[in-house]
Protein chains: 2
Amino acid sequence: MNKQVKVLVVEDDPNICELVTLYGEKNGYIVNVAQNGMTGLEMFYDTTPDLVVLDIMLPEMDGWEVCKEIRRFQKTPIIILTGKGESYDKLKGFELGTDDYIVKPFDPNELMARIKAVLRRVNPILVENELIELPLLKIDMNQYKVICDTQEIVVAPREMELLYFLASHPNQVYTRQQLLDQIWGLDFDGDPRTVDVHVKRIREKLGDSDRCWRVQTIRGVGYKFEVDNE
Amino acid sequence: MNKQVKVLVVEDDPNICELVTLYGEKNGYIVNVAQNGMTGLEMFYDTTPDLVVLDIMLPEMDGWEVCKEIRRFQKTPIIILTGKGESYDKLKGFELGTDDYIVKPFDPNELMARIKAVLRRVNPILVENELIELPLLKIDMNQYKVICDTQEIVVAPREMELLYFLASHPNQVYTRQQLLDQIWGLDFDGDPRTVDVHVKRIREKLGDSDRCWRVQTIRGVGYKFEVDNE
DNA sequence: TCTTTTCATGAACGGAGCGTGAACAAATTT
DNA sequence: AAATTTGTTCACGCTCCGTTCATGAAAAGA
């Protein structure tokens with residue numbers, strides 16, 4: 001198991017703090033929060049985080065100052081949080097060496113994705129690879145790549161996610177609705193049989209040779225990714 | 001036997017309350033209902049449920065408040081009930097530490113499935129595994145798989161459910177009508193002899209070797225899954 | 001033994017559920 | 001803006017499943 005990744009959030013809005021903390025912990029990070037720039041810096045030296053999420057509009061000491069101060073001796077990755085109105089000075093950001101930025105209001109999942117991306121770029125060891133390997137099948141969610149029978153296969157995003165989800169829960173049956181909720185999201189309000197079409201496309205792309213795994217239809221229930229045990 | 005699982009439902013629509021209660025009790029849960037957020041919280045501290053089903057649109061105190069309040073010190077799993085139209089504030093977080101959510105109008109069985117899934121993830125001991133293992137017989141409802149004499153058997157959905165139900169209540173006799181009510185549902189209005197045909201098909205699929213278990217006919221009454229206690 | 005009741009079994013019908021191709025819409029790329 | 005890729009829906013056909021019915025066998029009671 002990898003060591004726990006520490007994230008420092010410097011942000012004065014307690015709601016956002018709470019939100020980021022919740023999502024961060026859900027993703028397995030240790031999250032520390034500072035409500036202003038000063039305590040942010042203190043906490044930085046105190047906890048030596050692997051990444052900093054930094055609001056620009058801060059009381060006492062603004063985000064750029066914090067950023068500059070951190071960058072004097074450390075190259076810890078920094079993700080900037082900026083309000084919609086606040087003109088984010090790209091040049092300034094580059095000069096100060098930030099790694100990414102996200103505009104409020106933001107989708108927490110989006111932020112999590114960015115954190116993961118930055119961490120991977122800066123320190124790949126910290127990030128667990130979303131990779132599934134089976135005989136004659138390799139699904140790499142990071143590179144969005146599927147290799148089947150030693151040759152790469154072009155799989156569309158949705159197909160990729162569906163295949164990955166099924167394959168990461170082998171032998172477990174899921175109803176169409178469960179798959180829609182998990183992969184499409186709760187707000188998707190469409191035909192459950194959409195899943196069928198994606199399954200079909202996955203199947204025809206992977207071919208129908210005899211392997212120790214397959215996407216199985218369970219009539220009256222749904223689908224499962226079946227793997228033969230030895 | 002496992003200890004009884006307690007579920008708290010916080011929902012103002014009495015119809016939904018009744019529905020969830022009915023289904024919940026059928027699944028062996030102790031169901032408590034609160035009609036608004038305030039009494040919901042009181043009842044939470046009062047009954048210490050194992051899981052909370054929480055509507056978002058509530059009088060007096062909205063679901064997010066209840067959620068936040070519960071989450072202050074407890075990590076009791078929460079399943080959110082949300083209307084289709086209600087746009088949830090992404091920033092606020094529709095997943096403010098909730099474990100799952102389901103959109104109204106929903107299929108009660110779907111909700112039951114989610115409750116079970118969440119419970120299994122959070123506290124596996126509370127959930128009885130949908131798995132029956134006997135000498136020369138394995139019924140796995142999660143994988144929708146029956147293994148008899150070390151080889152897999154293809155069993156149709158209804159047969160599967162019937163076999164599972166009987167096998168999970170060994171040596172208990174059920175009339176045809178009871179079986180219809182339990183498995184087909186109360187709204188089924190057909191020939192009770194339908195059960196006979198399914199029993200027959202189960203029997204011929206499982207073979208008629210001498211084993212320590214069998215589906216027994218009790219003449220004039222119904223059927224039972226008989227297991228020899230050596 | 002004969003009658004009656006109850007169950008097992010095979011066959012058959014109707015329908016639900018799924019695979020598939022194609023069309024359309026939306027997003028993405030060029 | 002055009003072209004390509006991707007996502008979704010629809011319609012058709014087919015298969016498999018659930019249900020019912022008819023018939024004969026088995027059990028129970030007289």
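A, B, ... follow the sequence lines: proteins, then strands. Residue 1 opens every chain.
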Proximity to the side chain of B:Arg201 - top-ranked nucleotide from D:dG18, D:dT8, D:dC17: D:dG18
Covered region of DNA chain C, 5' end to 3' end, by chain B [heavy atoms, under 4.0 Å]: C:dT5 to C:dA12
Atom NZ of B:Lys224: over 12 foreign heavy atoms under 6.0 Å: yes
5′-ward residue of the pair B:Asp196/B:Lys200 relative to DNA chain C: B:Asp196
Touch class at under 4.0 angstrom, heavy-atom based, for B:Arg158 against every strand present: sugar-phosphate
Side-chain ion pair, A:Arg203 and A:Asp196, N-O less than 4.0 Å: no
NZ/NE/NH1/NH2 to OD/OE distance under 4.0 Å, A:Arg214 and A:Asp228: yes
Sugar-phosphate only, base, or nothing, as touched by A:Arg203 at under 4.0 Å among non-hydrogen atoms: sugar-phosphate
Under-4.0 Å side-chain N/O to phosphate OP1/OP2 contact, B:Trp184 with D:dG18: no
Just distance, no hydrogens or angles: give the donor-acceptor pairs under 3.5 Å from side chains in residues 145-155 of chain B, sequence neighbours left out.
{"unit_1": "B:Asp149", "atom_1": "OD1", "unit_2": "B:Arg211", "atom_2": "NE", "d": "3.4"}
{"unit_1": "B:Asp149", "atom_1": "OD2", "unit_2": "B:Arg211", "atom_2": "NH2", "d": "2.8"}

Short side-chain to backbone donor-acceptor contact, B:Asp50 and B:Lys6, under 3.5 Å: yes
Distance test, side-chain N/O of A:His198 to OP1/OP2 of D:dT6, below 4.0 Å: no
B:Asn27 (side chain) donor-acceptor with B:Tyr23 (main chain) under 3.5 angstrom: yes
Sugar-phosphate only, base, or nothing, as touched by B:Val197 at under 4.0 Å among non-hydrogen atoms: base
Closest nucleotide among D:dC10, D:dC17, D:dA26 to the A:Asp191 side chain: D:dC10
Presence of B:Thr194 side-chain N/O under 4.0 Å of D:dG18 phosphate oxygens OP1/OP2: no
